[in-house]
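First comes the structure, then the notes that go with it.
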Amino acid sequence: MNALDHIDQLRKKVAYTNGLRNLAAKAELAEALLNMNSLQEAFDLAKAAVARARHLLARAVERGAEDRTYRKTLAQCLLALGLCYELERRYEEGEAIYRECTDLYESVEEWPSYAKSMRYLAAAYGGQGRNDEAIRTVDRCLEFCEHINLREPVSPLLTTKAYVLMNTPNKQLARPVLEHAIEAAGESVADKAYAVHAYALYFFFSKEPETADRHFTTAIDLWPDKQLNFSYMTTLRTAAVNRRSMSNFPGALDYLKQAIAIARTMEFSWHEAELRYITAEILQACAEADQAFEQFQTAHKLYTTAGDTTGELASLAQMGRISYETGNTDGGRELLGECAARILETEAEHKHLATIRTILRYCPESCDLDGLLSIVETMIRVDRQQGAHHKIERFTTLGDILSAQEKHNEALVEYGKSLELAQEIGSLQEQANAAFHSAKVYCRIGAFIKAIPLLRTAIELTGESADLNLQISMHELQATACEAAGDTSSALTHLRRTMELERTLRAGQSRRRVEVLKVKHDVATLEEKTAKFQERLDTMAREREADKRIVQVLTARAERDEEVLADLRRDLRSCSRRSDLRPEHILPLLRLTEERLHEVDSSKSDTELVQLDHSFLAYLAEHYPQLTVKERKVCALIRTNISNQEIGRLVNVSTRSIESYRYRIRKKLGLEAGSDLNGAIANLTSEA
């Protein structure tokens, strides 16, 4: 059953039930809609279910009725609502919901669900950057589970704790926790796959992509029901991103292809769009601009279908970017200008920030910079409770806009804020980005001395696993800064490094093109072999038809002989009843019978034989002209593996005559006496 069928069933369940069962169905439907990225519909449904569940619980309390079931139903609805808040990154509101949910499950002693809500509460703390509280919440729940001997939620709780630890400067503490989570999963395949997936992510974040790839492969093998498993699809996606970081683009594309097939089967438009977006980014890195543009175009349509404005605009910006990079400046300016105008029309959402930076990088003149500046400033002012990562993104985007407006000092202030926040949370990649952006501004205003240490920091933090284009940009800018500062030796070093990276990049692109050409060559070879095989099949089919015609001829002859014998039998019976029978009466009868037995339409027989195999008869006529027409026909019949007697009947000669024919044919073909004539003619058949 695909996702849409499941949702249709839940909608019917909601429509045809009432009371608490109806509310439980609504909560289940809301969670299913979240998987489809239908956030607004899920939100509305969960809110309505929570409001109705509160009302029913209040009435039950007033009546003094047993309210245990009412509490459980309200908790289930709250859990769905909390997930909606979490996906909107409204972690404070989600925290309040999960707290209430936890209290309700505790009051009815529904311990597995209690542990689940505690796990979600810890995730809400982590989303707010309150990592210590998140870890304490998980530890408290683990102690409780151990106290009541509840094993089922232990592995997911440990995995959640590890995710929180991975967002702290003490990332290494997550490893033993994840190892414990894998062990605690026991026979639960889903819990083990979830924990192994997190374990792979730990190595991915630790810049150990090869180790991460091994664990991603293990997680992929573990997930059950691979054709209709949302978590399996997510694992494929993250495994593909890891392989992209290894520059293993064919492997990444293979994982993405599998994930896209699952998304299409489950009819997840939004998830398919996201997967195609990542595919397009990889194709772009492989210098496959045309294919990348097509993937972004498909993603744009799917995002539009799914109602995701953020994804729609991001893919539109990437289409504009490719147009610029491939020389279609007018087309790029048009696409990016349309994208900028759409952003100004929409509400201020942090998800548009990456798209705004793309526009600023390629075509800042196509957009209203003051309007974008106002949007980002509003985000910073309103969304004060967002996590550090989102704040860094806002400050960086604000710096990009100010830099495009040539307000360099103000831009440096914003980039400085990004760098401070990145240092606080220990994000090396964010530190490298902030340092690189600041260095670019310093180079623009001629302060090369200040740019050099920032670029050195950015290069060190980025490392060798970063995108080659980014490394080239950093070393190239560092060479320019060192040259302007008079440090020609360092400038030369960075220029050499730039050249090495460019050669590596070109070699990688050439290698990928060679792989593509090899695949195309293999496909062409396979098609050629297929054509030859098909030709051989056609030849065999013609031979089968020839064999069928021979069988038909022989069958017809047998039927005629049977008729002659029947007539002879009838005439003999008639003669046996005559008392005046004399020899002169029998002789005419024998002559008539002999004539009927040898009565053959010679022309018809010849036509049947000639139709046996035109190609073989033509081959004999061309390569063995010494054979007579009759001998070629006998060869054609010999290759069908019928007996000499049957051949004699077909050509109206005796069996002894056929043996003579075989002798003459063997001699004309240059075969020794006693050699296998049938085998020799079969070899002639394969040559023909």
CA sep, side-chain torsions, deciding dist, call: His215, Glu208, side-chain contact (heavy atoms from CB on, under 4.5 Å): CA-CA 11 Å; His215 291 295; Glu208 298 181 46; over 6 Å; no
Worked verdict on Arg244 versus Glu281 for side-chain contact (heavy atoms from CB on, under 4.5 Å): CA-CA 10 Å; Arg244 178 176 66 178; Glu281 290 180 325; 2.9 Å; yes
Residue pair Leu33, Ile7: steps toward the side-chain contact (heavy atoms from CB on, under 4.5 Å) verdict: CA-CA 8 Å; Leu33 289 168; Ile7 286 176; 4.0 Å; yes
From CA spacing to verdict: side chain to side chain donor-acceptor pair (under 3.5 Å), Thr305, Ser269: CA-CA 7 Å; Thr305 303; Ser269 297; 5.9 Å; no
Residues Tyr91, Tyr125; criterion ring pair (Phe, Tyr, Trp, His ring centres under 6.0 Å); working and verdict: CA-CA 7 Å; Tyr91 297 114; Tyr125 285 139; over 10 Å; no
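Qualifying side chain to side chain donor-acceptor pair (under 3.5 Å) partners for Asp132, counting only residues two or more places apart in sequence or in other chains: none. Applying the ring pair (Phe, Tyr, Trp, His ring centres under 6.0 Å) test to Phe293 and every residue at least two apart in sequence or in another chain returns nothing. Taking the ring pair (Phe, Tyr, Trp, His ring centres under 6.0 Å) definition, one finds that Tyr120 meets it with Tyr98, sequence neighbours left out.
For the residue pair Trp223/Thr235, the side-chain donor-acceptor check at 3.5 Å is satisfied. For Thr396 and His437, the side-chain atoms include no donor-acceptor pair closer than 3.5 Å.
For Leu236 against Ala259, the heavy-atom pair with the smallest separation is CD1-N, 3.8 Å. Ala252 and Ile282 make their closest contact through CB-CD1, 3.6 Å (heavy atoms, listed as atom of the first residue, atom of the second, distance). Nearest heavy-atom pair across Ala263 and Leu275 is CB-CD1, 4.1 Å. Heavy atoms only, all atoms of each residue included: Ala299 and Tyr277 are closest at CB-N, 4.2 Å.
Arg130 is listed as a side-chain neighbour of Glu95, based on a closest heavy-atom distance under 4.5 Å. No side-chain heavy atom of Lys257 sits less than 4.5 Å from a side-chain heavy atom of Thr279.
Within a 6.0 Å sphere centred on CD of Glu146, heavy atoms belonging to other residues, nucleotides or ligands number 12 at most. With a 6.0 Å radius and a threshold of 12 heavy atoms from other residues, nucleotides or ligands, Glu133 has its CD atom above the threshold.
In this structure, Tyr105 has its ring center no closer than 6.0 Å to that of Trp111. If you look at Tyr415 and Phe395, their ring centroids are not closer than 6.0 Å. Aromatic ring centres of Tyr255 and Phe216 lie farther apart than the 6.0 Å criterion allows.
Pairs engaging residues 45-64 under the salt bridge (charged side-chain N to carboxylate O under 4.0 Å, His left out) rule: Arg54-Glu100 [sequence neighbours left out]. Within the structure, salt bridge (charged side-chain N to carboxylate O under 4.0 Å, His left out) pairs that include any residue of residues 162-187 comprise Arg175-Glu179 (at least two apart or interchain).
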Please output the side-chain donor-acceptor pairs of residues 14-28 that fall under 3.5 Å, not counting sequence neighbours, one pair per line with the distance.
from	atom 1	to	atom 2	distance (Å)
Thr17	OG1	Lys13	O	2.5
Asn22	ND2	Val14	O	2.6
Asn22	ND2	Thr17	O	3.3

